[in-house]
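Lettering follows sequence order; numbering is per chain, from 1. These numbers come from the heavy atoms of this one structure, side chains and all, not from hydrogens, waters or symmetry mates.
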Amino acid sequence: MSSRPRYWLIKSEPAVFSWDDLWSAPGRRTHWDGIRNYQARNFIRDDVKRGDLVLFYHSNASPPAAVGVAEVVREAYPDPTQFDPADDHHDPGSDPADPRWLMFDVAARRRLPQPVSLSALKAEPALAAMLVVQRGQRLSIQPVTPAEWEAVLALGGLEPAGAAPSKKRK
DNA sequence: GCCAACGTTGGC
DNA sequence: GCCAACGTTGGC
């Protein structure tokens with residue numbers, strides 16, 4: 001039993017689907033589909049729950065950066081692209097009666113007033129163990145600890161919900 | 001564009 | 001079950 005909400009980081013290539021794309025989508029909402037990695041699938045299947053909060057991270061970007069906060073608004077359900085032969089993510093080995101790949105829905109909540117670049121994440125001692133800063137870490141959805149969550153939001157200029165406003169300014 | 005790191009595939 | 005080959009990810 002773990003406390004809620006949990007925190008996550010999801011990666012998206014802005015050339016494919018950016019924070020602005022999410023922000024301008026109906027309901028500021030999207031299906032987070034196309035995941036074809038078992039470890040990521042298992043997180044989605046077992047651990048991602050409605051109300052969990054998500055850092056939206058731009059990978060393959062200049063610079064790569066955490067850019068916004070989103071919320072899980074629908075839990076795991078089958079990703080239809082696996083059954084579409086015309087789709088890049090088609091998986092002919094997946095059984096429609098027991099779909100191999102899942103997706104979930106997220107909705108944008110807050111843009112980070114200041115995007116937190118990967119180099120800024122790496123420069124923050126409190127984030128030394130954060131998965132996204134580890135070399136060779138390719139998981140497209142990663143768990144984030146509450147302490148990491150607060151540190152990233154602080155770097156991004158957002159106060160964590162419920163926290164007293166900070167007076168520190170630079 | 002380069003290439004290191006990683007996950008998957010498939011021959012054996 | 002091993003492991004080399006291959007495709008992908010993603011920082012730089």
Side-chain angles (χ1 to χ4, degrees), chain A residues 6-25 30-48 52-70 72 75-106 108 110-145 147-158:
Chain A
R6 279 198 181 179
Y7 302 104
W8 305 95
L9 178 148
I10 64 175
K11 298 179 184 174
S12 190
E13 300 192 27
V16 178
F17 190 83
S18 70
W19 172 261
D20 286 339
D21 292 330
L22 177 60
W23 195 257
S24 58
T30 195
H31 315 303
W32 204 64
D33 62 8
I35 301 310
R36 297 294 184 268
N37 169 284
Y38 286 103
Q39 195 176 352
R41 190 279 310 273
N42 293 348
F43 279 136
I44 294 167
R45 182 189 62 197
D46 301 334
D47 297 318
V48 172
D52 283 0
L53 296 171
V54 177
L55 278 173
F56 195 93
Y57 176 86
H58 280 166
S59 61
N60 256 321
S62 304
V67 293
V69 172
V72 176
E75 296 174 10
Y77 61 111
D79 177 349
T81 64
Q82 69 196 301
F83 303 120
D84 178 358
D87 195 281
D88 284 346
H89 296 106
H90 180 229
D91 181 357
S94 183
D95 176 1
D98 185 19
R100 181 177 289 168
W101 305 113
L102 304 171
M103 63 183 189
F104 62 101
D105 292 0
V106 294
R110 301 285 306 277
R111 180 188 305 270
L112 291 179
Q114 182 168 314
V116 185
S117 68
L118 180 59
S119 61
L121 294 169
K122 287 180 172 173
E124 169 54 56
L127 299 177
M130 193 176 185
L131 289 174
V132 75
V133 309
Q134 309 307 316
R135 176 178 176 80
Q137 176 56 66
R138 305 192 310 179
L139 254 189
S140 53
I141 176 167
Q142 307 177 355
V144 172
T145 70
E148 290 165 350
W149 179 265
E150 290 190 21
V152 175
L153 263 57
L155 289 171
L158 277 188

Legend entry - Flag side-chain contact, heavy atom, 4.5 Å: Arg36(A) against Arg100(A): no
Legend entry - 4.5 Å side-chain heavy-atom contact, Trp19(A) and Arg111(A): yes
Inset, instruction - Check whether any side-chain nitrogen or oxygen of Tyr57(A) sits under 4.0 Å from OP1 or OP2 of dG11(C), and answer yes or no. - result: yes
Inset, instruction - Please determine if a side-chain N or O atom of Lys11(A) lies less than 4.0 Å away from the OP1 or OP2 oxygen of dT9(C). - result: no
Inset, instruction - Give the nucleotide from the list dG11(C), dA5(B), dT8(B) with an atom nearest to the side chain of Ser59(A). - result: dG11(C)
Whole-Å distance separating the [atom1] atom of [X] from the [atom2] atom of [N]:
{"X": "Leu139(A)", "N": "dG7(B)", "atom1": "CG", "atom2": "P", "result": "8 Å"}
{"X": "Arg135(A)", "N": "dT9(C)", "atom1": "CZ", "atom2": "C1'", "result": "13 Å"}
{"X": "Asp88(A)", "N": "dT9(C)", "atom1": "CG", "atom2": "C1'", "result": "15 Å"}
{"X": "Ile10(A)", "N": "dG10(C)", "atom1": "CD1", "atom2": "P", "result": "12 Å"}
{"X": "Lys122(A)", "N": "dG10(C)", "atom1": "NZ", "atom2": "P", "result": "13 Å"}
{"X": "Tyr38(A)", "N": "dC6(B)", "atom1": "OH", "atom2": "C1'", "result": "16 Å"}
{"X": "Leu131(A)", "N": "dG11(C)", "atom1": "CG", "atom2": "C1'", "result": "17 Å"}
{"X": "Arg138(A)", "N": "dC3(B)", "atom1": "CZ", "atom2": "P", "result": "18 Å"}

Legend entry - Arg110(A) atom CZ: more than 12 heavy-atom contacts under 6.0 Å: no
Inset, instruction - Under the ring pair (Phe, Tyr, Trp, His ring centres under 6.0 Å) rule, what do Phe56(A) and Trp8(A) come out as? Steps first, then yes or no, please. - result: CA-CA 9 Å; Phe56(A) 195 93; Trp8(A) 305 95; over 10 Å; no
Legend entry - Most 5' of Asn60(A) and Arg36(A) on DNA chain B, judged by nearest nucleotide: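 Nearer the 5' end of the strand: Asn60(A).
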